[in-house]
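Chain naming here is simple, since letters A, B, ... match the order of the sequence lines and numbering starts at 1 in each. All heavy atoms count here, side chains included; hydrogens, waters and symmetry mates do not.
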Amino acid sequence: MNRAGFSAAALVCLLLGIWEGAVRIWEVPVFILPPPSQIGWTATVKAPLILPHAGVTGAEICLGVLFALATAVPLAVAMFAKPVLEKALSPFLVASQAIPVFALAPLLVIWLGYGIASKVFMAWIIIFFPITVSLLQGLKSCDPEYRTLFTLMGSPFFKTLALLYWPWALPQFFAGLRVGVSVATIGAVIGEWVGAQQGLGFLMIQSNARLQTPLVFAAILWLAAMGLFLWALVGMLEKKIITWKS
Amino acid sequence: MLQVTDLTKYYNGQPVFSGFDLHLPAGRFQVLLGPSGCGKTTLFNTLTGVTPKDAGTITWQGEPVPHLGDLCAYMHQKDLLLPWFSLMDNALLPVRTRGGDMAAAQDRAGQLFLRLGLGGYESHRPDQVSGGMRQRCALVRTLMFNRDLILLDEPLSALDAITRQRHQHLLLLLQTEFGKTILMITHDVDEALLLADDIFLLTPMPMAIFRRFSPEPAKPRAFDDPKLLHTKAGILDHLEKGGVS
């Protein structure tokens, strides 16, 4: 393990130790704040209960990411190709983020039902924005001297896009995608809070109502682990694709 | 071959150049010599149509053309190689973007790699080779444009002094071996003296040609050729006086 990884792990252990010690010394009731050891225990032994819910939330997030990619990439390219389009669309893009997803969640459940669709839609709203904005910035950051070179080579737009703009924008695209997958859990879980029969958010609400606080924390732990996993996955993908030094 | 008449370009209401004339016969190597920031790059951008001209005519082989954008190849002081492609893929870009016989182009580029001392480095990435090799790869790419006219925008000024000297004779190959017609801009007097058939001294803002020199000795030239040193003295003298007038 490298130094940064080691110090991060040490910090986590220290904080967990303080938490564990404080809860035990002051004998805090488990339904208010369970000690980390019990959360870890619950997350492990209740895995058969949690896993199906985690699977549902994971599917919602992954579908949200896929839909976000399918819309964000063409949108960013179109806005890059036609600046008029960027001017016309950017207020809507910003507005879509200014409205709290929380405010939309009940409506979306009414429109799209208690199933997976409303949650995928919510994840999509949250994810597609950072991808679109970073990709557009990345495309626009291309060195004008390279553009001149391609103009003089008589390169049509889509060839220049494939050979120059797209690889140029890849690092920023991945930065946006990484932000997207790490906040995607928010959209899915909020959707599940408002109305669902399965998913980690549903499990949290149910356990909370029954004062099964360790299970609430266990669900949060699983959620965080999924977010971290997706983050790491995107990082690996980025390393695999971007092999050059700019 | 190339005739530029009365070319004019304004920037923020000020003329960068106004009524600029140039006559470049086929197969000749002409150099525009002037201080940095005198508008040389703007002239190239105007000639290639990257920025529109405000007035003037450009004639290529007797035909008036709007600009030289699809008639010339262009080499910049930055190598402008794409870091995600191998040297070979970079050299093949002009063919890939316009479409054409890729196999034939690959053969030709392979020969040029050998000729310019890049043999064996075809699949290296730009960040794996030296600045001089990158600039040679840019030179191969320039030749792969397959155009008769080449514009060189201080092509060697990003290289260190030793590497630059080694590469100057390669620029000469463009004319002697590949029969190109060349217009180069530079602020390096020695480079101009080594390479040029005609040297035009430029005044800054508005940019204009105020003196022409045609160094006499046949190319390739030596730095210490007495005739060349004599011309150099004349150029330096004029730059000192002319730059301020």
| query | Going by the salt bridge (charged side-chain N to carboxylate O under 4.0 Å, His left out) test, which pairs reach into residues 128-143 of chain A, not counting sequence neighbours? | reply | A/Glu86-A/Lys140, A/Asp143-B/Lys78
| query | How many angstroms lie between atom OG of A/Ser134 and atom CZ of A/Phe173, to the nearest 0.5 angstrom? | reply | 9.0 Å
| task | Indicate yes or no: does B/Lys40 engage B/Asp153 in a salt bridge with an N to O separation below 4.0 Å. | result | no
| Among side-chain atoms of A/Ser118 and A/Trp111, is any donor-acceptor pair under 3.5 angstrom? | no
| remark: When rounded to the nearest 0.5 Å, the distance separating CG of B/Leu33 from CD1 of B/Ile209 is 11.5 Å
| note | Bottom line for B/Leu81: the part with an atom under 4.5 Å from chain A's heavy atoms is backbone
| said: Sort by residue number and list every residue of residues 147-162 of chain A having at least one heavy atom under 4.5 Å from chain B. | reply: A/Thr148, A/Leu149, A/Phe150, A/Leu152, A/Met153, A/Gly154, A/Ser155, A/Pro156, A/Lys159
| task | Please state whether the side chain, the backbone, both or neither of A/Leu164 comes within less than 4.5 Å of a heavy atom of chain B. | result | both
| remark: When rounded to the nearest 0.5 Å, the distance separating CD1 of A/Ile99 from CD of A/Gln97 is 9.5 Å
| Any side-chain donor paired with an acceptor under 3.5 Å for B/Asp160 and B/Thr163? | yes
| task | Just say parallel, tilted or perpendicular for the rings of A/Phe128 and A/Trp124, cut-offs at 30° and 60°. | result | parallel
| message | Need one label for B/Leu93: side chain, backbone, both or neither, based on atoms under 4.5 Å from any heavy atom in chain A. | response | both
| query | Listed by chain and number, what are the salt bridge (Lys or Arg N to Asp or Glu O under 4.0 Å) partners of B/Asp188, not counting sequence neighbours? | reply | B/Arg164
| query | Among B/Gln128, B/Met75, B/Arg98, which has the most heavy-atom pairs under 4.5 Å with chain A? | reply | B/Arg98
| query | Any luck finding a side-chain donor-acceptor pair between B/Gln135 and B/His167 under 3.5 Å? | reply | no
| said: Can you confirm if the NZ or CZ of B/Arg115 lies within 45° of the ring axis of B/Phe178 and under 6.0 Å from the centre of its six-membered ring? | reply: no
| task | May I ask you to list the residues in residues 68-83 of chain A that approach chain B closer than 4.5 angstrom, counting heavy atoms only, ordered by number? | result | none
| message | At a 4.5 Å cut-off on heavy atoms, which part of B/Arg141 comes close to chain A: side chain, backbone, both, or neither? | response | side chain
| Any luck finding a side-chain donor-acceptor pair between B/Asp197 and B/Gln175 under 3.5 Å? | yes
